[in-house]
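To start, I am sharing the structure in question, which I have written as structure tokens.
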Amino acid sequence: MMKNVFKILSALLLIIFSFSCQENEDPENFLNQVGFEGTLPDGSNFGITDIRSGNGSGSIGINGVYQGYHSLGIRTSNLEWSLSIESPRKNFPNTPKLGENVPRQEVIDYFNANYPYEEVLTAFLNEKSKADSDVSYTSYEQIRVQLANQKKFFAYLPEAFSPLRGGKVRVLAVNEGMIKDLGGNDIRKIDVTIEFDLPMKASDASVEVQEGNLKGVGRFRYREDFYQGEFEKFD
């Protein structure tokens, strides 16, 4: 049933780490690790300990043209909440092979060839540049956001409103770095810090709190090896 939730959200969701915040710190610097500091649409908190992260990929066909994206997500260790963002989408030259019957490494190789690290970095830097130059700019249409409750099997989505309400999605910082894989090899990573003030609505009409704002700052991580180990651990 957990796998079905991830399919509904059309992304390979993720993991997390602990972080802290000081009131006098700049927003783009207050998260030293991946995580989310702020309030969720139902008024609850995401949590600040044992947060896990991971990244995956996906694609969508529009009028015969396939667009691909990278999914960067974080998850609480108790499995209650998963928060993910999608990178700006890119047109692909051909139809990507995805699905349970496609070897995972084949999918990774395809995306590393057609939407590689350098282009992921450029896509997020472009959104940061636009936010830096225009205080009213939002990446609402370029960076899609999904919040899922894994225990109650529903999601909060900005697209659930009709008409759409928009909202603040601003890239505050994009940082490159290196991280070790399980074999001790250096893997390139990109940390993306985003500020949200985003109206969202529940996908399930039985949820007590139907709508509210995702408000705060999150930090997400892209790894070139698409590591999912943290996110897939169930304690």
### Query
Between Asn45 and Phe36, is any pair of side-chain heavy atoms under 4.5 Å apart?
no
### Task
Check Ile85, Leu72, Val145 against Ile194 for a side-chain contact (heavy atoms from CB on, under 4.5 Å) and give me the one that passes.
Ile85
### Query
Would you say Glu118 has more than 12 foreign heavy atoms packed within less than 6.0 Å of its CD?
yes
### Query
Sub-3.5 Å donor-acceptor pair from the side chain of Ser139 to the main-chain atoms of Arg170, do we have one?
no
### Message
Would Val174 and Asp191 count as a side chain to side chain contact (heavy atoms under 4.5 Å, CB included) here? Give the steps.
### Response
CA-CA 6 Å; Val174 181; Asp191 287 349; over 6 Å; no
### Summary
In short, ring-ring contact (aromatic ring centres under 6.0 Å, His included) pairs touching residues 156-180 with sequence neighbours left out are Phe154-Tyr156
### Task
Working to the nearest 0.5 Å, report the span between CZ of Arg219 and OG1 of Thr193.
4.5 Å
#### Entry: Non-neighbouring partners of Asp132 that pass salt bridge (Lys or Arg N to Asp or Glu O under 4.0 Å), sequence neighbours left out
Lys128
### Task
For the residue pair Ser82 and Gln150, confirm or rule out a side-chain donor-acceptor distance under 3.5 Å.
yes
### Geometric class of the Tyr222/His70 ring pair [parallel <30°, tilted 30-60°, perpendicular >60°]
perpendicular
### Pairwise distance OG(Ser57) to CG(Asn112) - rounded to 0.5 angstrom
9.0 Å
### Message
What I'd like to find out is whether the side chain of Phe111 reaches to under 4.5 Å of the side chain of Pro116, using heavy atoms alone.
### Response
no
### Note, Val65 side chain near Phe92 side chain (heavy atom, < 4.5 Å)
no
### Task
Supply the atom-to-atom distance Ser87 OG to Leu121 CG, rounded to the nearest 0.5 angstrom.
12.0 Å
### Task
For side chain to side chain contact (heavy atoms under 4.5 Å, CB included), just list the numbers for Leu214 and Leu83, CA-CA rounded to whole Å, side-chain angles, deciding distance to a tenth of an Å, and then say yes or no.
CA-CA 10 Å; Leu214 177 70; Leu83 176 62; 3.9 Å; yes
#### Entry: N/O donor-acceptor pair under 3.5 Å between Ser133 side chain and Ser129 backbone
yes
### Message
Would you say that Val217 contacts Phe196 through its side chain, given a criterion of any heavy-atom pair below 4.5 Å between the two side chains?
### Response
no
### Any side-chain heavy-atom pair of Val102 and Tyr110 under 4.5 Å
no
### Message
Can you pull out every salt bridge (charged side-chain N to carboxylate O under 4.0 Å, His left out) where at least one residue sits in residues 201-211? Sequence neighbours excluded, please.
### Response
Arg165-Glu211
### Message
I'd like to check the salt bridge (Lys or Arg N to Asp or Glu O under 4.0 Å) partners of Glu119; sequence neighbours left out, ordered by chain and number.
### Response
Lys90
### Query
For Asp186, which residues count as a salt bridge (Lys or Arg N to Asp or Glu O under 4.0 Å) partner, sequence neighbours excluded?
Lys180
#### Entry: Ile187 side chain reached by Met178 side chain, heavy atoms, under 4.5 Å
no
#### Entry: Pairwise distance CG(Asn185) to CG(Asp225) - rounded to 0.5 angstrom
9.5 Å
#### Entry: Heavy-atom closest contact (Glu141 atom, Arg144 atom, distance)
O-NH1, 3.7 Å
### Task
Heavy atoms only: give me the nearest Gly167-Thr138 pair and the separation to one decimal.
O-OG1, 2.7 Å
### Minimal non-hydrogen separation, Val209 against Pro41, with atom names
CG1-O, 3.7 Å
### Message
Using a strict threshold of under 4.0 Å (side-chain N to carboxylate O), is an ion pair present between Lys189 and Glu176?
### Response
no
#### Entry: Audit row: Glu224, Arg188, salt bridge (Lys or Arg N to Asp or Glu O under 4.0 Å) steps and yes/no
CA-CA 6 Å; Glu224 197 170 19; Arg188 292 189 295 180; 2.8 Å; yes
### Atom pair CD (Gln105) and CZ (Phe226), whose distance is rounded to the nearest 0.5 Å
9.5 Å
### Message
Nearest 0.5 Å, please: how far is NZ in Lys151 from CH2 in Trp81?
### Response
11.0 Å
### Query
Given side chains that start at C-beta, do those of Gln146 and Leu157 come closer than 4.5 Å, heavy atoms only?
yes
### Message
Under 6.0 Å between ring centres: does that hold for Tyr69 and Tyr115?
### Response
no
### Query
Is the number of heavy atoms from other residues, nucleotides or ligands within 6.0 Å of OH (Tyr66) greater than 12?
no
### Message
Are Ile60 and Ile143 connected into the same hydrophobic cluster when the rule is that any two of I, L, V, M, F, W, Y join if their side-chain heavy atoms are below 4.5 Å apart?
### Response
no
### Summary
Sorted by chain and residue number, the salt bridge (Lys or Arg N to Asp or Glu O under 4.0 Å) partners of Asp197 (sequence neighbours excluded) come out as Lys215
### Query
Can Tyr137 and Glu127 be said to form a side chain to side chain contact (heavy atoms under 4.5 Å, CB included), step by step?
CA-CA 9 Å; Tyr137 180 77; Glu127 292 305 305; 2.7 Å; yes
### Message
When you compare the side chain of Asn213 with that of Leu198, does any pair of heavy atoms fall below 4.5 Å?
### Response
no
### Task
List the steps and the verdict of side chain to side chain contact (heavy atoms under 4.5 Å, CB included) for Asp109 and Arg104.
CA-CA 9 Å; Asp109 291 344; Arg104 183 170 181 271; over 6 Å; no
### Query
Where is the tightest heavy-atom contact between Pro158 and Leu164, given as atom of each residue plus distance?
O-CD2, 3.9 Å
### Thr76 side chain vs Glu80 backbone, donor-acceptor pair below 3.5 Å
yes
## Note on the structure
Given the options Ile74, Val34, Ile190, Arg221 meets side-chain contact (heavy atoms from CB on, under 4.5 Å) only with Val34
